[in-house]
Amino acid sequence: LDLRPETFVHDRARNLPVMRIQGVVSLPIGAEIELYSPNVSATVVGVRLLAGSDHVPVALCLDVDVPEAYWEER
């Protein structure tokens with residue numbers, strides 16, 4: 001199966017997408033992703049490979065813990 005050329009960043013606690021990164025980026029657990037508006041940091045809490053199929057490419061997903069302040073501004 002082909003690997004999708006992007007990485008999904010997902011707020012695990014809220015089950016919400018945070019962003020897509022153009023490229024395959026595998027960060028270690030504990031790494032921080034700096035977010036803006038407001039300026040907060042999301043912490044990587046898990047790394048998953050999303051199984052693909054013959055019609056859907058495999059994708060890399062970073063599960064993150066996002067501070068509440070980020071969602072309050074949305």
Side-chain angles (χ1 to χ4, degrees):
L1 297 175
D2 291 326
L3 181 63
R4 191 176 194 138
E6 61 188 346
T7 302
F8 297 101
V9 179
H10 182 261
D11 184 333
R12 184 164 63 179
R14 293 171 185 85
N15 196 26
L16 293 171
V18 178
M19 72 172 84
R20 287 185 189 182
I21 300 171
Q22 297 300 314
V24 178
V25 181
S26 181
L27 297 176
I29 292 174
E32 293 187 353
I33 299 173
E34 190 172 335
L35 304 173
Y36 292 95
S37 292
N39 187 7
V40 296
S41 291
T43 304
V44 176
V45 295
V47 180
R48 297 184 283 148
L49 199 57
L50 304 175
S53 69
D54 290 338
H55 306 290
V56 178
V58 174
L60 184 68
C61 180
L62 300 176
D63 288 316
V64 294
D65 180 24
V66 180
E68 185 68 34
Y70 179 76
W71 297 110
E72 290 173 357
E73 297 268 333
R74 299 259 169 265

[atom2] on [Y] to [atom1] on [X], rounded to 0.5 Å:
X: Glu6; Y: Ile21; atom1: CD; atom2: CD1; value: 10.0 Å
X: Thr43; Y: Leu27; atom1: OG1; atom2: CG; value: 11.5 Å
X: Arg12; Y: Leu62; atom1: CZ; atom2: CG; value: 11.5 Å
X: Ile33; Y: Ser41; atom1: CD1; atom2: OG; value: 9.5 Å
X: Asp11; Y: Leu16; atom1: CG; atom2: CG; value: 6.0 Å

For the student: nearest non-hydrogen atoms of [X] and [Y], plus distance:
X: Pro38; Y: Ala69; answer: CG-O, 3.4 Å
X: Val58; Y: Leu1; answer: CG2-CB, 3.7 Å
X: Arg4; Y: Val24; answer: O-CG2, 3.5 Å
X: Ser26; Y: Val47; answer: OG-CG1, 4.2 Å
X: Tyr36; Y: Tyr70; answer: O-CE1, 3.8 Å
X: Leu35; Y: Ala42; answer: CD1-CB, 3.9 Å

_Expected output: side-chain Arg14 to main-chain Val66 donor-acceptor under 3.5 Å_ =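 Side chain of Arg14 to backbone of Val66, a donor-acceptor pair under 3.5 Å: yes, one is there.
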*Report, as yes or no, whether the 6.0 Å neighbourhood of atom CG on Asp2 holds more than 12 heavy atoms from other residues, nucleotides or ligands.*
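Result for CG/Asp2: open.
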*asked:* When you group the ILVMFWY residues by side-chain heavy-atom contacts below 4.5 Å and let the links chain together, are Phe8 and Val45 in the same group?
replied: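 Looking at the clustering, Phe8 is in a separate group from Val45.
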*Within one Ile-Leu-Val-Met-Phe-Trp-Tyr cluster: Val44 and Val25, side-chain cutoff 4.5 Å*: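 Yes, same cluster.
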*Do Trp71 and Val40 have side-chain heavy atoms sitting under 4.5 Å apart?*
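A side-chain contact is absent here, since even the closest heavy-atom pair is not under 4.5 Å.
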*Quick one: do Leu49 and Leu3 satisfy side-chain contact (heavy atoms from CB on, under 4.5 Å)? Show the steps, please.*
CA-CA 9 Å; Leu49 199 57; Leu3 181 63; 4.2 Å; yes
